[in-house]
Structures are given as structure tokens and as C-alpha cells.
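Just so it is clear, the values below take in all heavy atoms, side chains as well, and ignore hydrogens, waters and symmetry mates. In listed order, ligands and their atoms are each counted from 1. Quick caveat: nothing in here was measured; it's all calculated off a predicted structure.
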Amino acid sequence: MAADELIFDPGVLLPGPVCEFQGYHAAARHGGLGILPWRTAWLEATAAGVDARSEAPEPGEVRFPQALVHLQKSRTASWRDLLCAWNLLEPGGRLLLCGGNELGVTSAVKRLARELEQAPRILANRRHARIVAFERGDGPGPLSTESTRIVLPLPDGTRPALHAEPGVFSAKRLDVGTELLLETLAGQPPPRRVLDMGCGIGPLAFSALSRWPEARALLLDADARAVASASLNAAALGLETRCQIDWWDAEEPCPEGDFDLALVNPPFHGGKEVDLRPAHSMFARLGESLALGGRALIVANRTLPYEDGLESLGTTEVLGASRGYKIIGFTRRVNRRPRVHTPRPRSSGSNRR
Ligand SMILES: C[S@@+](CC[C@H](N)C(=O)[O-])C[C@H]1O[C@@H](n2cnc3c(N)ncnc32)[C@H](O)[C@@H]1O
């Protein structure tokens with residue numbers, strides 16, 4: 001990304017450790033800490049020897065002379081990072097915001113300047129990106145949005161409000177695709193073990209556990225903020241003993257297997273572009289983690305050709321479609337070995353009926 005190329009321009013980083021949000025290259029060079037909620041970035045950073053965490057330390061645990069925040073697509077998530085960075089800075093420390101024009105860096109800088117009541121110092125401005133600095137004063141810092149509450153209608157008629165950290169999927173209301181998948185659960189045979197791949201704040205698994213009191217669930221997501229939200233929600237719903245929630249990326253093996261039902265609302269965007277790679281990685285994991293004959297319900301935008309990625313692993317059928325989405329029912333093939341054609345002994349025709 002163009003903005004990342006600017007962080008090593010002369011005068012951008014001061015000598016000394018840096019607390020870096022949503023990136024780790026500055027921390028790799030200067031020492032410090034990378035805050036990386038996305039699992040693949042955290043794995044890469046730790047493999048490169050960087051001290052990396054999935055969430056920011058508590059204020060008071062450590063202090064930094066400088067903090068660098070990489071702007072994200074989600075403005076609420078960026079503001080949460082800016083507030084965390086502010087709280088981790090030493091008095092007089094430097095708050096750096098880095099981002100490209102495609103992420104709206106100009107308006108983000110204006111808003112931050114207004115909230116901090118300071119003029120930004122532009123440290124680098126080229127390649128359609130910029131890095132600006134503010135000084136840590138005594139004020140309260142950036143005005144971060146609080147986490148939101150999403151209503152989940154459950155089969156027993158209750159409507160609990162789920163907690164959603166800034167930046168997680170469907171942080172404003174339940175996704176239409178999720179709603180459609182939840183409607184499809186009614187016709188399913190009761191499963192024992194449910195897998196929720198890309199769980200977000202957990203609506204699919206929690207609805208399944210509420211519908212089928214004997215079932216247990218494994219919830220997996222690559223975004224640590226989703227994992228944190230789902231964990232809070234499981235406790236609030238009294239479901240924590242019936243589920244396990246793990247930080248996991250679809251490129252990694254599934255931590256458990258032998259599931260009889262998987263529920264998947266796969267991601268299909270990487271930034272503004274359609275990116276089906278994480279979805280296809282999830283499908284490959286379904287092939288490994290479902291019990292033989294186990295089923296998955298997958299919700300997809302009606303135009304996405306997910307069936308192509310599933311057919312080598314089992315059978316698919318479209319169970320329903322509405323509001324621009326379709327539900328694909330997938331059944332893992334019982335015999336995974338390729339069929340070998342063995343010629344039959346020639347029959348005289350006498351055993352033909
Ligand atoms: C479309 S959202 C669905 C969330 C939730 N199941 C729902 O229906 O509200 C897709 C989820 O997949 C997660 N995700 C994205 N890429 C992933 C990956 N490579 N591995 C695992 N999870 C991923 C996202 O963090 C997000 O929570």
C-alpha cells in the first residue's frame with residue numbers, strides 16, 4: 001500500500017520504540033509493539049520477531065514516545081485505535097496517522113484536528129497518501145465510538161442485544177444474509193456439534209444453540225475483535241459452557257473435526273474488491289472438519305459462484321433464495337476416494353431382470 005511506503009521517510013519516526021496499530025513494519029525496525037487484530041498479520045509479525053498483540057494493552061501497562069495508527073476502511077475501528085494510541089502515549093508523545101486517499105485520509109485528518117483542537121503537522125505527503133503528527137496533550141483525545149448492540153431474534157421469541165466491537169462485521173444491524181440463514185435453520189435435523197466458521201459476533205452459533213439445547217458449538221474468526229465480541233455475547237447469553245470460541249484464520253487447519261453441521265456466511269470483500277480466497281479456504285476446511293455425510297449451510301450473494309469451489313468436496317443444492325442472497329446446502333461426500341471404474345464380469349444376461 002502506498003501509505004506504508006511513507007513511514008520510513010526521514011523525520012516520520014523518531015528514534016525509540018513505537019506502538020503501531022494495524023501494521024508492524026515500523027515496530028520491526030524501531031522496536032515496540034504491533035497491535036494486530038487480524039490473525040494472518042499477527043502470525044506474520046510474530047514470525048518476523050515483532051512483539052505483537054491482538055489488542056492494545058491497558059493504559060498504564062506501558063507508555064510509548066510515539067504511536068502510529070494505519071487508517072482502516074472502518075472509520076469507527078480507526079477511531080478506537082486512535083483513542084487507544086492516545087492513551088498509550090507519554091505526555092508530549094507523538095500520535096501519527098497514516099493513510100491513503102482511497103481510505104479518506106484527508107477527511108480523517110480534518111476530523112482528528114477538530115477533536116484534538118490542534119493543527120496537524122504533515123510529515124509525508126506523496127503517492128496519494130500522507131502521514132500527519134499530533135502531540136499528546138492533556139485532553140481526552142479522539143472521540144471514539146462505543147461498541148454497538150445488535151438485536152438477535154431467537155427461536156424462543158426473545159430478542160437479546162449482542163455486543164459488537166467497532167469494525168466487526170454487521171456492527172449496525174444483523175446482516176440480511178445472516179437473517180436468511182437463520183430462517184433456514186428451522187427445517188434442519190438437530191445436530192450434536194455445530195461449527196460456525198467466520199462467526200463474527202456469533203449470531204449463527206447462538207441461534208443454533210438456542211434452537212437445539214443438546215448441541216455444542218465451535219466458533220472461529222480471524223478478527224480478534226469479533227472473537228472478543230462473541231466471547232462477551234456467549235457469557236451474556238449463558239452459553240459459554242456450550243461453546244468454544246477461537247482466533248483462527250481459514251488458512252490454518254480447523255482446530256477440531258467431526259462436525260455434523262457447519263454454518264458459514266463467508267467474507268467476500270478484501271477492501272473494495274471482491275475477494276473469494278478466504279471463502280474458498282473456508283470451503284477446503286469444511287472438507288476436512290465436517291463428519292462424513294455432515295452438512296453445511298452457506299449463505300451467499302446470489303451472483304457468487306461458490307458451488308464451483310464446493311463440488312469437488314461433496315454435493316450442493318440451493319435451498320432457497322431471497323433478498324439478493326441464496327442458501328447453499330452442502331453435504332460432505334461419504335466416500336472421498338475417487339471412484340475407480342472396475343469392469344463387471346461379462347454377464348450372460350441371465351441375472352438381468
Ligand atoms: C460475512 S461475515 C459473517 C459474520 C457472522 N457469521 C454473521 O453472519 O454475522 C464474515 C466473517 O468472516 C471473518 N473472516 C474474514 N476473513 C477470514 C479468514 N481468512 N479466516 C477466518 N475468518 C475470516 C470476518 O472477520 C467476519 O467476521
The test is side-chain hydrogen bond (donor to acceptor under 3.5 Å, both in side chains); show your working for Glu20 and His70 and say whether it passes. CA-CA 8 Å; Glu20 187 173 7; His70 295 264; 2.7 Å; yes
Give the atoms of ligand 1, by number and element, whose distance to some non-hydrogen atom of [X] is under 4.0 Å.
{"X": "Met282", "result": "21 (C), 22 (N), 23 (C)"}
{"X": "Gly200", "result": "4 (C), 5 (C), 27 (O)"}
{"X": "Asp223", "result": "25 (O)"}
{"X": "Pro203", "result": "7 (C), 9 (O)"}
{"X": "Trp38", "result": "15 (C), 25 (O)"}

Nearest-neighbour protein heavy atom for [atom], which is reported as residue plus atom name and distance:
{"atom": "atom 19 (N) of ligand 1", "value": "Asp249 OD2, 3.0 Å"}
{"atom": "atom 20 (N) of ligand 1", "value": "Ala250 N, 2.9 Å"}
{"atom": "atom 26 (C) of ligand 1", "value": "Asp221 OD2, 3.5 Å"}
{"atom": "atom 7 (C) of ligand 1", "value": "Thr178 OG1, 3.4 Å"}

For [X], I'd like to know if atom [atom1] has over 12 heavy atoms of other residues, nucleotides or ligands within 6.0 Å.
{"X": "Glu240", "atom1": "CD", "value": "yes"}
{"X": "Glu58", "atom1": "CD", "value": "no"}
{"X": "Arg159", "atom1": "CZ", "value": "no"}

Does Arg53 reach the main-chain N or O of Ile35 with its side chain, forming a donor-acceptor pair under 3.5 Å?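 No.
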Can an N or O of Asn265 be found at a distance shorter than 3.5 Å from an N or O of ligand 1? yes
Based purely on interatomic distance, does Asp175 place a nitrogen or oxygen under 3.5 Å from a nitrogen or oxygen of ligand 1?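 No; every N/O pair is 3.5 Å or more apart.
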Using heavy-atom distances, let me know which of Ala279, Ser281, Pro267, Gly198 sits nearest atom 4 (C) of ligand 1. Gly198
Judged by heavy atoms only, the candidate from Ala226, Cys199, Ala222, Ala224 nearest atom 21 (C) of ligand 1 is Ala222
Does only the side chain of Leu204 get under 4.0 Å from ligand 1, or the backbone, or both, or neither? Count heavy atoms. side chain
Begin from the C-alpha positions of Arg216 and Glu256 and carry the test salt bridge (charged side-chain N to carboxylate O under 4.0 Å, His left out) through to its verdict. CA-CA 12 Å; Arg216 302 181 66 82; Glu256 288 179 20; over 6 Å; no
Quick one: are Pro267 and Met282 in side-chain contact, heavy atoms under 4.5 Å? yes
Between Glu115 and Trp79, is there a side-chain donor-acceptor contact under 3.5 Å, judged purely by atom types and distance?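 Yes, Glu115 and Trp79 have a side-chain donor paired with an acceptor closer than 3.5 Å.
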Donor-acceptor pair between Ser229 and Glu165 side chains, under 3.5 angstrom: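 Absent: no donor and acceptor within the cut-off.
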Same apolar cluster (I L V M F W Y, side chains within < 4.5 Å links), Leu95/Leu83: no
Going by heavy atoms, is Trp248 under 4.0 Å from ligand 1?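 Per 4.0 Å heavy-atom rule, Trp248 contacts ligand 1.
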